[in-house]
Amino acid sequence: MLNKTRLLTPGPTPLPERVRLALARDMIHHRKGEFSAIMGRVQEKLRRLFGTEGPVLPLSCSGTGAMTAAVYSLFDPGDRVLVVEGGKFGERWRSIAASRGLEVTSLQVPWGEAVRPEDVAAALEADPALRGVLIQSCETSTGVLHPVREVAERMAGREALLVVDGISAVGISPCPMDDWKIDCLLTGSQKGLMLPPGLALLALSPRAWKRAEATRPGCFYFDLPRERDNVLKGQTLFTTPVNLIVGLDASLDILLENGLEAVYAKQWALTMLVRAGARAMGLAPFAGEHFAWGLTSVLLPEGVPGGEVLRVAHTDYGVCMAGGQDRLKGRIVRIGHMGWVDWADALAGLYALDRGLMATGGYSAARDYLETAMAAYRAALETGPGIVPPRAEVRS
Ligand SMILES: *Cc1c(COP(=O)(O)O)cnc(C)c1O
């Protein structure tokens with residue numbers, strides 16, 4: 001009872017009060033006019049969020065459901081695709097593609113690094129029959145941001161579709177679909193959108209729609225052309241999670257009311273805060289040059305029990321952060337700062353991390369790390385996104 005619980009995980013993320021109140025509204029019927037009116041509003045706002053002229057489909061599933069819908073709707077069994085695999089979610093693309101019977105070429109990227117666009121270009125050159133490239137915008141397991149825009153540029157003029165898992169990027173860092181020539185962009189509700197889990201959103205480019213229409217749907221539930229026809233009438237193919245749509249209406253207002261640029265600027269500044277704070281604590285960020293804007297992964301000093309650090313931060317300070325997955329288990333801490341998270345939450349995260357390290361490794365940061373973090377935050381707000389300050393000295 002001493003602490004608030006602060007959810008600093010890369011999904012689910014905290015819910016703003018306006019969203020919670022919207023979620024609590026009475027049930028309405030999903031085939032009646034009141035719901036269609038909401039769908040109409042939501043549709044217009046979603047197109048702004050995705051940066052697309054086309055429809056954005058709500059799907060009742062988690063983010064992985066939308067990844068599945070994309071693969072099963074855009075590719076026929078036997079099609080060849082390239083998967084950019086630099087973490088757990090890249091691996092997930094490969095597993096989903098394999099389950100659809102696709103022939104997968106895996107472009108292995110060392111964990112913690114971003115894919116090099118020229119490597120994607122070379123893979124496409126080597127196999128012109130590739131029908132798609134599956135990539136994450138942010139690879140949440142490592143905290144890396146792949147250079148999607150540059151990858152798209154290298155794919156110009158080719159038949160292969162660019163399919164982007166933007167689950168931890170949409171509403172967090174820029175990913176304007178039409179501008180960047182992304183063929184499929186998808187996300188989930190529980191990350192940048194500040195909603196509970198359970199809803200996914202997916203949009204296709206005109207040429208991806210042509211592909212979807214020519215592909216035999218891989219399953220009954222995810223039939224994107226039929227779903228689109230319903231969405232254009234303010235409906236969904238099946239019973240939709242009505243409250244989540246009502247909540248989405250509210251969360252999109254929050255994201256759009258000051259412009260998306262302001263959201264990105266805040267996300268960028270929080271990223272600078274956490275990275276500078278971690279460095280001042282003597283911890284190296286795991287993702288180098290290409291780092292995500294919604295979470296920061298930091299390497300723990302050798303021998304420090306990562307699980308125990310997280311447990312102390314949670315039980316003693318109320319800060320819930322994520323650990324590493326698979327081969328990174330126990331080795332990194334992932335501090336989520338996407339969605340409804342502000343500077344004070346981020347400072348709480350750093351402090352709880354420091355206390356966790358102290359309790360488990362007898363290690364403690366220099367006293368000014370919180371001030372260093374805040375200075376980086378203020379400077380980043382002033383300069384705006386994209387300008388990386390000179391590397392601070394890493395003390396260890
Ligand atoms: C969270 C996440 C997923 C998984 O989404 P679920 O909603 O758990 O299915 C997939 N890809 C990325 C990049 C994610 O961050």
Report task. Mark yes or no for whether Glu139, through its side chain, and Ala292, through its backbone, hold a donor-acceptor pair below 3.5 Å. Result -> no

Query raised in the report: Take atom CD in Glu257; do more than 12 heavy atoms of anything else shown fall under 6.0 Å from it?
Result: yes

Query raised in the report: Do other residues, nucleotides or ligands put more than 12 heavy atoms under 6.0 Å from the CZ atom of Arg207?
Result: yes

Query raised in the report: Are the side chain of Trp340 and the backbone of Thr13 linked by a donor-acceptor contact shorter than 3.5 Å?
Result: no

Requested in this report: Take Arg211 and Leu161, measure what side chain to side chain contact (heavy atoms under 4.5 Å, CB included) needs, and give me the verdict at the end.
Outcome: CA-CA 9 Å; Arg211 181 80 74 82; Leu161 298 176; 3.6 Å; yes

Report summary line: Correct closest heavy-atom pair for Gly78 and Glu103 would be O-OE2, 4.2 Å

Query raised in the report: Under a single-linkage definition using a 4.5 Å side-chain heavy-atom cutoff for Ile, Leu, Val, Met, Phe, Trp and Tyr, are Ile96 and Leu102 assigned to the same hydrophobic cluster?
Result: yes

Query raised in the report: Donor-acceptor pair, Asp183 side chain versus Leu162 backbone, under 3.5 Å?
Result: yes

Query - Exam field: side chain Gln267 to backbone Ile172, donor-acceptor pair closer than 3.5 Å - result: no

**Report entry** Arg149 atom CZ, neighbour heavy-atom count above 12 within 6.0 Å
**Finding:** no

Requested in this report: Mark yes when over 12 heavy atoms from residues, nucleotides or ligands other than Arg20 sit less than 6.0 Å from its CZ; otherwise mark no.
Outcome: yes

Query raised in the report: Do Val115 and Leu130 sit in the same hydrophobic cluster, where Ile, Leu, Val, Met, Phe, Trp and Tyr count as joined when their side-chain heavy atoms come under 4.5 Å apart?
Result: yes

Query raised in the report: Does Ser73 reach the side chain of Leu204, with side-chain heavy atoms less than 4.5 Å apart?
Result: no

Query raised in the report: Are Phe286 and Val84 in one and the same hydrophobic cluster, where Ile, Leu, Val, Met, Phe, Trp and Tyr link if side-chain heavy atoms are under 4.5 Å apart?
Result: no

**Report entry** Sole residue of Val274, Ile332, Val144 in side-chain contact (heavy atoms from CB on, under 4.5 Å) with Ser297
**Finding:** Ile332

Query raised in the report: Quick one: do the Thr52 and Asp178 side chains pair a donor with an acceptor below 3.5 Å?
Result: yes

Query raised in the report: Same cluster for Leu248 and Met177 if Ile/Leu/Val/Met/Phe/Trp/Tyr side chains link at under 4.5 Å?
Result: yes

Query raised in the report: If two hydrophobic side chains count as joined below 4.5 Å and joins carry through other members, does Trp343 share a cluster with Leu7?
Result: no

Query raised in the report: If every non-hydrogen atom of Val263 is compared with every non-hydrogen atom of Gly171, which pair is closest and at what distance?
Result: CG1-O, 3.4 Å

Report task. Would you check if the side chain of Arg100 reaches a backbone N or O of Phe75 as a donor-acceptor pair within less than 3.5 Å? Result -> yes

Report summary line: For Arg47 and Leu232, the nearest pair of non-hydrogen atoms, with its separation, is NH2-CD2, 3.9 Å

Query - Heavy-atom neighbours of Asp326 CG exceed 12 at 6.0 Å - result: yes

Report task. Can you see which heavy atom on Gly323 is nearest to which on Arg334, and at what distance? Result -> O-NE, 2.7 Å

Report summary line: Here the gap from Leu201 atom CG to Leu49 atom CG, rounded to the nearest 0.5 Å, amounts to 8.0 Å

Requested in this report: Please examine the side chains of Pro14 and Arg6, heavy atoms only from C-beta on, and report whether any two atoms are closer than 4.5 Å.
Outcome: no

Query raised in the report: Are Glu308 and Thr360 linked by a side-chain donor-acceptor pair shorter than 3.5 Å?
Result: no

Query raised in the report: What distance separates Arg92 CZ from Thr140 OG1, expressed to the nearest 0.5 Å?
Result: 9.5 Å

Requested in this report: State whether the side chain of Asn3 and the backbone N or O of Asp316 hold a donor-acceptor pair below 3.5 Å, judged by distance alone.
Outcome: yes

Query raised in the report: Is there a side-chain contact between Ser168 and Pro10 (heavy atoms, below 4.5 Å)?
Result: no

**Report entry** Reported CE-to-CG distance for the pair Met358 and Leu353, which is rounded to 0.5 angstrom
**Finding:** 13.5 Å

Query raised in the report: Can you find a heavy atom in the side chain of Arg48 that is under 4.5 Å from one in the side chain of Leu260?
Result: no

Query - Least distance between heavy atoms, Glu85 atom then Gly90 atom - result: CG-C, 3.7 Å

Query raised in the report: Cut-off 3.5 Å, side chains only: do His30 and Thr236 have a donor facing an acceptor?
Result: no

Query - Nearest non-hydrogen partners of Arg378 and Glu371, listed with the distance - result: NH2-OE2, 3.8 Å

Query raised in the report: Tell me, do Asn243 and Met27 make a side-chain contact under 4.5 Å, heavy atoms counted?
Result: yes

Query raised in the report: Are Ser205 and Ile182 side-chain neighbours, meaning at least one heavy-atom pair lies under 4.5 Å?
Result: no

Requested in this report: Start with the C-alpha gap between Lys181 and Met155, add the side-chain angles, then the distance that decides, and say whether side chain to side chain contact (heavy atoms under 4.5 Å, CB included) holds.
Outcome: CA-CA 9 Å; Lys181 304 211 167 17; Met155 289 175 63; over 6 Å; no

Query - Residues Tyr72, Ser99; criterion side-chain hydrogen bond (donor to acceptor under 3.5 Å, both in side chains); working and verdict - result: CA-CA 9 Å; Tyr72 278 65; Ser99 81; 2.7 Å; yes

Query raised in the report: Can you tell me if Gln235 uses its side chain to pair, donor with acceptor, with the backbone of Asn230 under 3.5 Å?
Result: no

Query - Charged tip of Arg275 within 45° of Phe291 ring normal and under 6.0 Å - result: yes

Requested in this report: For Glu53, look at atom CD and say whether over 12 heavy atoms of other residues, nucleotides or ligands are found less than 6.0 Å away.
Outcome: no

Query - CZ/Arg116: more than 12 non-hydrogen atoms of other groups inside 6.0 Å - result: no

Query - Test item: Leu347 and Leu273 side chains (from C-beta on) under 4.5 Å apart, heavy atoms - result: yes

Query - Gln43 vs Pro55 side-chain heavy atoms within contact, under 4.5 Å - result: yes

Requested in this report: Could you tell me the separation between the OG atom of Ser141 and the CZ atom of Arg327, rounded to the nearest 0.5 Å?
Outcome: 8.5 Å

Query raised in the report: Could you give the distance from CD1 (Ile245) to CG (Leu23), rounded to the nearest 0.5 Å?
Result: 11.0 Å

Query raised in the report: Between Glu125 and Arg158, is there a salt bridge with N-O shorter than 4.0 Å?
Result: yes

Report task. Determine, stepwise, if the pair Leu270 / Thr296 fulfils side chain to side chain contact (heavy atoms under 4.5 Å, CB included). Result -> CA-CA 10 Å; Leu270 283 180; Thr296 299; over 6 Å; no

Query - Lys45 atom NZ, over 12 foreign heavy atoms within 6.0 Å - result: yes

Report task. Indicate the ring-plane relationship of Phe238 and Phe220, choosing parallel, tilted or perpendicular according to the 30° and 60° boundaries. Result -> tilted

Query raised in the report: Do any N or O atoms from the side chain of Thr105 and from the backbone of Leu82 form a donor-acceptor pair under 3.5 angstrom?
Result: no

Query raised in the report: Judged by atom type as modelled, is there a donor-acceptor pair below 3.5 Å linking the side chain of Asp76 to the main-chain atoms of Asp79?
Result: no

Query raised in the report: Is there a donor-acceptor pair under 3.5 Å between the side chain of Glu227 and the backbone N or O of Leu237?
Result: yes

Requested in this report: Report the C-alpha separation of Arg18 and Leu21 in whole Å, then their side-chain angles, then the decisive distance to 0.1 Å, and conclude whether the side chain to side chain contact (heavy atoms under 4.5 Å, CB included) test is met.
Outcome: CA-CA 5 Å; Arg18 269 160 78 185; Leu21 291 173; 5.9 Å; no

**Report entry** Interatomic spacing from CG in Leu46 to CG in Leu202 - rounded to 0.5 Å
**Finding:** 11.5 Å

